[in-house]
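One structure is given below, encoded as structure tokens.
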Amino acid sequence: MTAVVATNETILVVGGGISGMTAALEAAETGKQVVLVEKRPYLGGRVSQLYKYFPKLCFPTCGLEINQRRAKTNPNLTILTMAEVTDLAGTKGDYRATVKLSPRFVNEHCTACGDCEKAVEAEFDDEYNYGLGKRKGAYLPYRMAHPQRYVLDPAIIGTPDAEKAKAACKYGAIDLEMREETLEFRCGAVIWATGWRPYDAAKIQPYGYDRIKNVVTSVEFERMADPNGPTGGKLVRPSDGKEAKKVAFIQCAGSRDRNHLLHCSRICCMASLKQATYVADAFADDAEINIYYIDLRAIDRFEDFYTKVRANQNIRFIKSKPASVVADKDGNPVVHGVDTEGYVRFAEPHDLVVLAIGMEPSVDKDAFPVPIVLNREGFIEASPQNGGVFAAGSASDALDVNRAVQHATGAALRAIQVVNSVARAEA
Ligand SMILES: Cc1cc2nc3c(=O)[nH]c(=O)nc-3n(C[C@H](O)[C@H](O)[C@H](O)COP(=O)(O)OP(=O)(O)OC[C@H]3O[C@@H](n4cnc5c(N)ncnc54)[C@H](O)[C@@H]3O)c2cc1C
């Protein structure tokens, strides 16, 4: 049984992405007791699924590793993975949280040796790679996952695969008796850092994501570029494995559009500029990259990155919101539209089309366990009506990592102020 010792001076952080980790660590390092609740089996959120960071093009794994190390060595921090807050009752300074823990079927004796993975046969879509590849029924979500502990897919429990995994484990780490648990504990303030999810590209009918294999999303392309990803870092077409040298990036795919997301996610332009460098680096002079855009938003320090990418002769910028993508007889996605600089119609075939989809809040409006003020897009508004609940990072808006981390640090400070006033009142 899992036990959590907490009081109304404890800070609860919901969501263990870069924002939740930051908020939790900042608060724990000032000496506050923090419980971090993450629904996935590991911390890091969507940043862990990025290949490189704009604008420096460094690897997110560096920053994540530093945070993982801070988390491992801080005794004030309790981390619950595969966990979700199902209820939050009370008021600022005195909440009672109910948390559901899903069974991992693997205990703390796991050394991540991988013997269970080799023993089982069943395979499932790999959610870490947005379903582009398969993973086994016993799996480590990704190489750097924290905690560094395997997971058994609940679908293999009760099948011979579960017994094979147990028999293969030399450390007694497979526990097939694990069951869902419900925990209840007190907390004084809550940091809500549940982040974002990619807009469902299938809803943008004219772009053919659900019909054309060689139309992918920007989050999928991020996994394709990663040497540890489903294609081993090779930029290839899903339809036939051919190298994707001629790539279209369609900006504002489902964003700034009254039929889809009204808002601008602000990072999509930067993400496509970054991904254009993946293609340019992979194929040098053979690369042909077309970026179709309404207007490019590269604000503040990102302007320099945009200028650098723009100077690349193999990257063309076409001012157009494409009307449609249609596959030709060879499976090439053809982008149709009008270049609004000159009003020229085009029908341009590519090897691959990447849709720069927007970020929407990961929690649906009616799924919050506590009343909370949301804006039109469903992101959390800062409001006194939220009591002791503070949004952190991209639960509050579509933010890049730098801004998400700054916002999370601010949220930690607000939560610390609440539990400090609880402590003063009780002294
Ligand atoms: C294609 C693309 C490329 C990008 N590239 C860059 C880049 O190069 N540089 C950059 O600065 N930014 C980039 N970004 C933006 C970056 O991904 C975000 O800034 C970052 O993910 C924000 O982190 P977060 O912790 O706020 O949210 P998330 O990463 O979404 O983390 C939220 C966490 O909360 C968890 N969670 C969700 N719901 C619950 C729940 N109910 N209970 C418990 N846990 C929950 C999730 O599992 C997740 O772990 C990119 C975005 C896209 C779309």
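Note that ligands are numbered from 1 as they come in the structure, with each ligand's atoms numbered from 1 the same way.
- Between F54 and ligand 1, at least one pair of N/O atoms sits closer than 3.5 Å.
- Between F59 and Y51, the gap from one ring centroid to the other is short of 6.0 Å.
- Here is the list of ligand 1 atoms found below 4.0 Å of a heavy atom in A83: 43 (C).
- The protein atom (non-hydrogen) at minimum distance from atom 37 (C) of ligand 1 is T194 O, 3.2 Å.
- Judged purely by distance below 3.5 Å, without hydrogens or angles, the side chains of D210 and Q205 pair a donor atom with an acceptor atom.
- Checking each of Y292, F221, Y293 against F249 for a ring-ring contact (aromatic ring centres under 6.0 Å, His included) leaves exactly one that passes, namely F221.
- Interface of S218 with ligand 1, defined as ligand atoms under 4.0 Å from a residue heavy atom, comprises 1 (C).
- Counting only heavy atoms of the protein, atom 27 (O) of ligand 1 lies nearest to S394 OG, 3.2 Å.
- Set against the non-hydrogen atoms of K274, the atoms of ligand 1 under 4.0 Å away are 3 (C), 4 (C), 5 (N), 6 (C), 7 (C), 8 (O).
- Shortest contact from atom 31 (O) of ligand 1 to any protein heavy atom: G17 CA, 3.5 Å.
- Between Q275 and ligand 1, no pair of N/O atoms sits closer than 3.5 Å.
- Taken from CG in D295 to CZ in R256, the straight-line distance is 4.5 Å, to the nearest 0.5 Å.
- Side-chain polar atoms of Q33 and E9 form no donor-acceptor pair below 3.5 angstrom.
- For atom 4 (C) of ligand 1, the closest heavy atom belonging to the protein is L50 CD2, 3.6 Å.
- Taking the six-membered ring for Trp, Y42 and Y142 have ring centres closer than 6.0 Å.
- By heavy-atom distance, the residue among E38, M82, K100, R197 lying nearest atom 49 (O) of ligand 1 is E38.
- Where the criterion is an N or O separation shorter than 3.5 Å, residue side chain and backbone included, V401 meets it with respect to ligand 1.
- Protein heavy atom at the shortest distance from atom 29 (O) of ligand 1 is R46 N, 2.9 Å.
- Among all protein heavy atoms, the one lying closest to atom 53 (C) of ligand 1 is W196 CH2, 3.3 Å.
- Looking at D364, I267, V13 and measuring to atom 51 (C) of ligand 1, the nearest heavy atom belongs to I267.
- Contact atoms of ligand 1 toward G45: 29 (O), 31 (O), 48 (C), 49 (O) (distance under 4.0 Å to a heavy atom of the residue).
- Paired with F54 under the rule side-chain contact (heavy atoms from CB on, under 4.5 Å), one option of V309, T277, D400 passes, and it is D400.
- An N or O contact shorter than 3.5 Å links I18 to ligand 1 by distance.
- Atoms of ligand 1 found under 4.0 Å from any heavy atom of L399, numbered from 1 in the order shown, are 15 (C), 18 (C), 19 (O).
- Here A408 has no heavy atoms under 4.0 Å from ligand 1, in either its backbone or its side chain.
- Between R40 and ligand 1, at least one N/O pair is under 3.5 Å apart.
- No hydrogens or angles considered: a donor-acceptor pair under 3.5 Å links the side chains of R104 and T81.
- Listed by atom number, the atoms of ligand 1 under 4.0 Å from K52 heavy atoms are 8 (O).
- Using a 4.0 Å cut-off between heavy atoms, S19 contacts ligand 1 through both its backbone and its side chain.
- The S362 neighbourhood of ligand 1 comprises atoms 37 (C), 38 (N), with distances under 4.0 Å to a heavy atom of that residue.
- With values rounded to the nearest 0.5 angstrom, D200 atom CG is found 5.5 Å from K203 atom NZ.
- Partner of D351 under the salt bridge (Lys or Arg N to Asp or Glu O under 4.0 Å) criterion, chosen from K246, K242, K213: K242.
- Here R403 pairs with D300 in a salt bridge; the nearest charged N to carboxylate O distance falls below 4.0 Å.
- For an aromatic pair to be called close, the ring centres must be under 6.0 Å apart, and Y139 with Y128 fails this.
- Residue-level proximity to ligand 1 for A271 is carried by the side chain, the only part with a heavy atom below 4.0 angstrom.
- Between the SG atom of C252 and the NZ atom of K321 there is a distance of 5.5 Å, given to the nearest 0.5 Å.
- The shortest contact between atom 43 (C) of ligand 1 and any protein heavy atom is with K39 N, 3.4 Å.
- Listed by number with element, the atoms of ligand 1 under 4.0 angstrom from any heavy atom of V37 are 43 (C), 44 (N).
- With respect to W192, the ring-ring contact (aromatic ring centres under 6.0 Å, His included) criterion is satisfied by exactly one of F368, F390, F379: F368.
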